[in-house]
Number of protein chains: 2
Amino acid sequence: MVLASVPRRLSPGVGNSNDQTRRHNLSTVLTFLHHGGPQSRAQLTGLSALNRSTTGALVAELVELGLAYETEPADSGRVGRPSPIVHANGKVVAITVNPDIDAVTVGVVGLGGLLHHLVRRETDAVPTVGASIRIVQEVLDGMRDEIATEFRVAGVGIAVPGLVNSRDGVVALAPHLGWRDEPVAEPFAAALGFRAAVANDAALATVAESIFGAGRGVQDLVYLNGSASGIGGGVLAGGVMLRGSRGYAAELGHTLVNSSGIRCHCGKRGCLETEVNLGLLLQVLGRDSAGLDEVDALIAAVPDARPEIERQLDVLALAIGTFVSVFNPESIILGGFLGSLYEADPARLRASVNAASVVGLADPVRLERARLRSRLLTTGAAELVFADLLADPAGTVF
Amino acid sequence: MVLASVPRRLSPGVGNSNDQTRRHNLSTVLTFLHHGGPQSRAQLTGLSALNRSTTGALVAELVELGLAYETEPADSGRVGRPSPIVHANGKVVAITVNPDIDAVTVGVVGLGGLLHHLVRRETDAVPTVGASIRIVQEVLDGMRDEIATEFRVAGVGIAVPGLVNSRDGVVALAPHLGWRDEPVAEPFAAALGFRAAVANDAALATVAESIFGAGRGVQDLVYLNGSASGIGGGVLAGGVMLRGSRGYAAELGHTLVNSSGIRCHCGKRGCLETEVNLGLLLQVLGRDSAGLDEVDALIAAVPDARPEIERQLDVLALAIGTFVSVFNPESIILGGFLGSLYEADPARLRASVNAASVVGLADPVRLERARLRSRLLTTGAAELVFADLLADPAGTVF
DNA sequence: GGTAAAAAGTTACCACACACAACATATTGC
DNA sequence: GCAATATGTTGTGTGTGGTAACTTTTTACC
């Protein structure tokens with residue numbers, strides 16, 4: 001008999017008791033609904049590998065908790081008694097906040113991923129934490145009735161471009177916003193009266209793409225996001241987000257790609273983000289700045305930009321080559337202007353990645369552009385709020 | 001209220017029932033014993049967060065299964081009734097096999113990590129699978145009585161330097177042994193009559209150092225091993241071994257360190273293992289080959305080797321710098337000749353790593369030499385066997 | 001239209017897991 | 001020798017999911 005493989009979990013963990021079993025099973029069912037959309041009770045039974053009667057009880061409890069509801073069976077066309085469809089309750093919502101240099105975007109996202117509202121409020125100056133809170137208050141004020149009568153707010157999720165300590169809700173450094181050692185979650189919670197959480201935007205984007213985007217169903221992926229502020233990313237390894245000992249893992253923009261390169265603002269030389277960046281791209285496109293939506297159009301419109309695009313693609317491939325041998329992912333997902341670069345010449349990136357990887361190792365790796373676009377950060381920030389609810393549906397009060 | 005942080009597990013998983021709770025708890029207790037050594041029942045109660053009576057029942061079941069035994073309480077010196085000491089049963093053993101270019105090493109390791117026997121049998125030629133099996137049979141024949149009367153063999157664990165598909169027990173490629181698409185676990189199991197498993201040696205070394213060596217208690221670490229055949233490694237992320245979608249993750253020797261470097265046998269340019277390697281080191285040490293134990297002595301004895309040592313350390317630091325921003329580990333553990341290199345000038349590596357990392361990110365990262373030395377692979381291969389037993393103590397029959 | 005087969009909901013009952021509490025036991029400290 | 005403390009032991013209770021029998025609702029076919 002052949003045994004399994006290299007041990008996976010090395011640390012012992014703690015004991016489980018009966019209530020934890022129930023919690024786990026409730027969590028499992030609700031997570032299926034949230035990630036997989038409405039499903040019949042019979043499907044849930046199959047997916048969870050639980051008994052028919054158990055699934056029934058779990059769904060009943062979720063309905064009781066107001067987290068799910070059942071509707072008439074769909075016409076399956078198959079023989080046998082039809083199974084009622086179970087839905088995650090989209091009226092349970094997360095408020096999402098995404099502060100940017102020139103705007104604050106506020107969203108209302110329902111359980112199950114339904115986007116109720118998405119409002120972008122431009123600002124005169126780079127928003128402070130206080131200003132962001134005021135904008136959110138204004139937006140929520142505008143939908144006061146709806147929130148009071150229709151929605152149940154699970155909390156506020158804030159996506160910040162910078163180094164964030166999610167544990168205590170403090171932004172260590174967000175260079176573009178000028179935030180430094182700034183408590184964020186606490187003041188939001190205090191001002192709005194909801195639970196609040198803050199996290200790095202690239203990490204949340206990874207979560208969003210994993211659940212609802214190009215990474216659906218994939219257990220091992222690398223997400224790379226290119227923005228005006230540099231290259232960030234996130235890694236899903238074995239279905240688990242890579243965090244590192246202090247939560248600063250997946251700083252993928254500082255991967256070495258050019259050992260004789262120029263010095264990066266991080267102190268190293270030849271980092272990915274000094275070689276592949278939006279500034280250099282916009283320069284050859286003849287623009288000072290551009291929204292990410294415009295970049296695609298510009299790339300198509302300016303043939304002279306070709307050499308620079310190809311250079312950036314080739315350098316990007318070097319970093320991806322390292323990621324391939326380090327993570328052996330199933331998929332590499334490119335967001336922001338990296339998605340535009342990819343779109344400009346998918347074949348070239350594919351060829352360069354294969355050349356920059358251990359022979360054969362990159363062949364089965366999918367290269368893809370991120371799918372969620374404008375909904376990316378809102379979806380990710382909502383996951384931040386829903387995480388607690390999904391982990392313990394019965395125990396989370398809000 | 002401030003919510004936790006970025007969601008970790010993204011996929012829903014499956015449901016749990018009562019027997020799984022029991023299995024999990026048995027596994028938890030046995031794993032504590034195996035990793036943490038003999039402990040009192042009271043300590044186990046504390047660690048597992050289970051009730052006193054439950055711990056009692058679990059230990060009783062483990063004793064019943066022959067996987068643990070209890071001894072008289074130690075003199076704690078504290079007030080209160082003394083608690084009996086529970087031990088993992090070291091008579092439950094794994095047979096370990098480590099084929100090398102010029103020898104096959106066979107070990108007998110007990111649950112709890114006790115090394116009963118370690119035998120190295122030199123070979124005239126590079127051993128084939130068949131030859132390895134014959135050597136193991138000879139060695140086991142020599143201790144036939146002991147095995148029949150004293151030990152209970154849980155299985156055979158084989159550590160192979162090469163690309164291994166642990167799932168089906170086939171070695172895809174072990175260049176130094178000349179094995180290619182070679183079924184290994186199956187023939188071992190058939191010939192010896194025990195369950196058998198095979199895995200990559202560097203991955204097993206990572207496991208061993210994590211549990212019994214320099215990485216004890218650490219949840220995030222990078223292990224880098226340098227041998228004659230190149231640089232391999234393993235990564236523990238959040239207490240879980242990094243595996244990748246096909247099990248080929250952590251090919252750390254092929255991290256880019258020199259973008260104008262020479263071509264590596266893997267097809268890329270400027271890989272870590274083309275720049276940092278034992279061959280180049282031995283050259284300046286004036287030797288054709290040397291056991292790893294000799295390298296330390298040689299380094300101390302040949303001052304002229306200094307420039308090459310420093311060059312290799314500096315290049316190694318570049319790779320570590322990338323690993324620091326990618327994994328944000330708590331500890332980097334260096335084994336094989338990389339351990340010797342480190343030992344030659346720890347301060348230099350520390351300085352180079354700091355310079356090659358995002359400012360401040362490397363400061364809290366420990367750099368350490370691997371601790372297990374000659375026991376490394378035997379311990380790792382034994383873990384391969386014990387993994388199943390630890391995961392399901394009551395369900396594993398052997 | 002009626003009947004059989006299939007699939008799934010429902011319900012009552014069971015096995016078993018851990019917690020809890022009361023009690024027994026073994027130690028220290030005074 | 002007694003109180004305090006910690007722990008083992010035992011019996012009881014709550015809650016978990018599984019099981020099996022029954023019911024309901026559908027399709028397929030005659």
Side-chain angles (χ1 to χ4, degrees), chain A residues 13-30 32 38-65 68-86 392-395, chain B residues 13-30 32 38-65 68-86 392-395:
Chain A
V14 292
N16 267 6
S17 60
N18 268 350
D19 1 345
Q20 280 152 313
T21 299
R22 182 62 161 202
R23 187 185 315 168
H24 171 89
N25 288 346
L26 276 175
S27 163
T28 299
V29 172
L30 187 56
F32 274 123
Q39 289 167 75
S40 76
R41 237 152 87 177
Q43 280 177 291
L44 288 172
T45 302
L47 289 169
S48 66
L50 290 166
N51 191 283
R52 219 156 64 207
S53 55
T54 307
T55 306
L58 291 169
V59 169
E61 184 164 351
L62 289 176
V63 171
E64 180 97 2
L65 290 164
Y69 61 94
E70 291 184 286
T71 57
E72 291 296 294
D75 250 11
S76 70
R78 287 207 330 284
V79 70
R81 177 171 174 174
S83 190
I85 306 296
V86 191
D392 185 9
Chain B
V14 293
N16 268 4
S17 60
N18 269 349
D19 1 346
Q20 279 151 315
T21 299
R22 181 63 160 200
R23 186 185 316 169
H24 171 88
N25 289 346
L26 276 175
S27 164
T28 299
V29 171
L30 186 57
F32 273 124
Q39 290 167 73
S40 77
R41 239 152 86 176
Q43 281 176 289
L44 288 172
T45 302
L47 289 169
S48 67
L50 291 166
N51 191 283
R52 212 151 74 204
S53 54
T54 307
T55 306
L58 291 168
V59 169
E61 184 164 351
L62 289 176
V63 171
E64 181 97 2
L65 290 163
Y69 61 93
E70 292 184 288
T71 56
E72 292 296 295
D75 251 13
S76 70
R78 289 208 329 284
V79 70
R81 177 172 174 174
S83 190
I85 306 297
V86 191
D392 185 9

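A quick note: this is a predicted structure, and the numbers were derived from the prediction, not measured. Here is how names work: the chains are called A, B, and so on, in the same order as the sequence lines, proteins then strands, and each is numbered from 1.
Here A:Ser83 reaches the OP1 or OP2 of C:dG9: one of its side-chain N or O atoms lies under 4.0 Å away. At the phosphate of D:dG8, OP1 or OP2 sits under 4.0 Å from a side-chain N or O atom of B:Arg41. Contact check, B:Thr54 against C:dA19: a side-chain N or O comes under 4.0 Å of OP1 or OP2. For B:Arg52, no side-chain nitrogen or oxygen approaches OP1 or OP2 of C:dA19 to under 4.0 Å. Distances shorter than 4.0 Å separate some side-chain N or O of A:Arg78 from OP1 or OP2 on C:dA8.
To the nearest angstrom, P of D:dG8 lies 11 Å from CD of B:Gln43. Following rounding to the nearest Å, B:Leu50 (CG) and D:dT7 (P) show an atom-to-atom distance of 15 Å. Nucleotide D:dG13 holds its P atom 19 Å from the CG atom of A:Asp19, rounded to whole Å. If you take CD of A:Gln20 and C1' of D:dG15, they are 13 Å apart, rounded to a whole angstrom. Between A:Arg22 atom CZ and C:dA17 atom P the separation is 18 Å, expressed in whole Å. Between B:Leu58 atom CG and D:dG8 atom C1' there is a gap of 15 Å when expressed in whole angstrom units. When the C1' atom of D:dG17 is taken as reference, atom CZ of B:Arg23 falls 14 Å away, rounded to whole Å. Rounded to whole Å, atom C1' of C:dC18 lies 13 Å from atom CD of B:Glu61.
Between A:Thr21 and B:Thr45, the residue whose closest nucleotide on DNA chain D is further toward the 5' end is B:Thr45. Position along DNA chain C of the nearest nucleotide to B:Arg81 versus A:Ala42 favours A:Ala42 as the more 5'-ward residue.
Within the 4.5 Å cutoff, the side chain of B:Val63 has heavy atoms near those of the B:Val59 side chain.
Taking only side-chain atoms of B:Pro82, from C-beta outward, the nucleotide of D:dA4, C:dA26, C:dA17 with the closest atom is C:dA26. Of the listed nucleotides (C:dT10, D:dT7, D:dG17), D:dG17 has the atom at the smallest distance from the side chain of A:Asn25. Nearest to the side chain of A:Asn51, among C:dA7, D:dT19, D:dG17, sits D:dT19. For A:Ser53, whose side chain is taken as the heavy atoms from C-beta onward, the closest listed nucleotide among D:dG18, C:dA19, C:dA17 is D:dG18. Nearest nucleotide to the A:Val79 side chain, out of C:dA19, D:dT27, D:dG17: D:dT27.
Taking 3.5 Å as the limit, the base of D:dT16 and the side chain of B:Asn18 contain a donor-acceptor pair of atoms between them.
A donor atom on one side chain and an acceptor atom on the other are not found under 3.5 Å apart for A:Thr28 and A:Ser48.
Considering all non-hydrogen atoms of both residues, B:Ile85 and B:Glu72 come closest at CG1-O, 3.7 Å.
In this structure, NE2 on A:His24 lies 11.0 Å from NE2 on B:His24, to the nearest 0.5 angstrom.
As judged by a 4.0 angstrom heavy-atom cut-off over every strand, B:Pro84 is placed among residues touching the sugar-phosphate backbone only.
In this structure, A:Ser83 contributes its side chain and A:Arg41 its backbone to a donor-acceptor pair below 3.5 Å. No donor-acceptor distance shorter than 3.5 angstrom exists from the side chain of B:Glu61 to the backbone of B:Leu26, with no hydrogens or angles considered.
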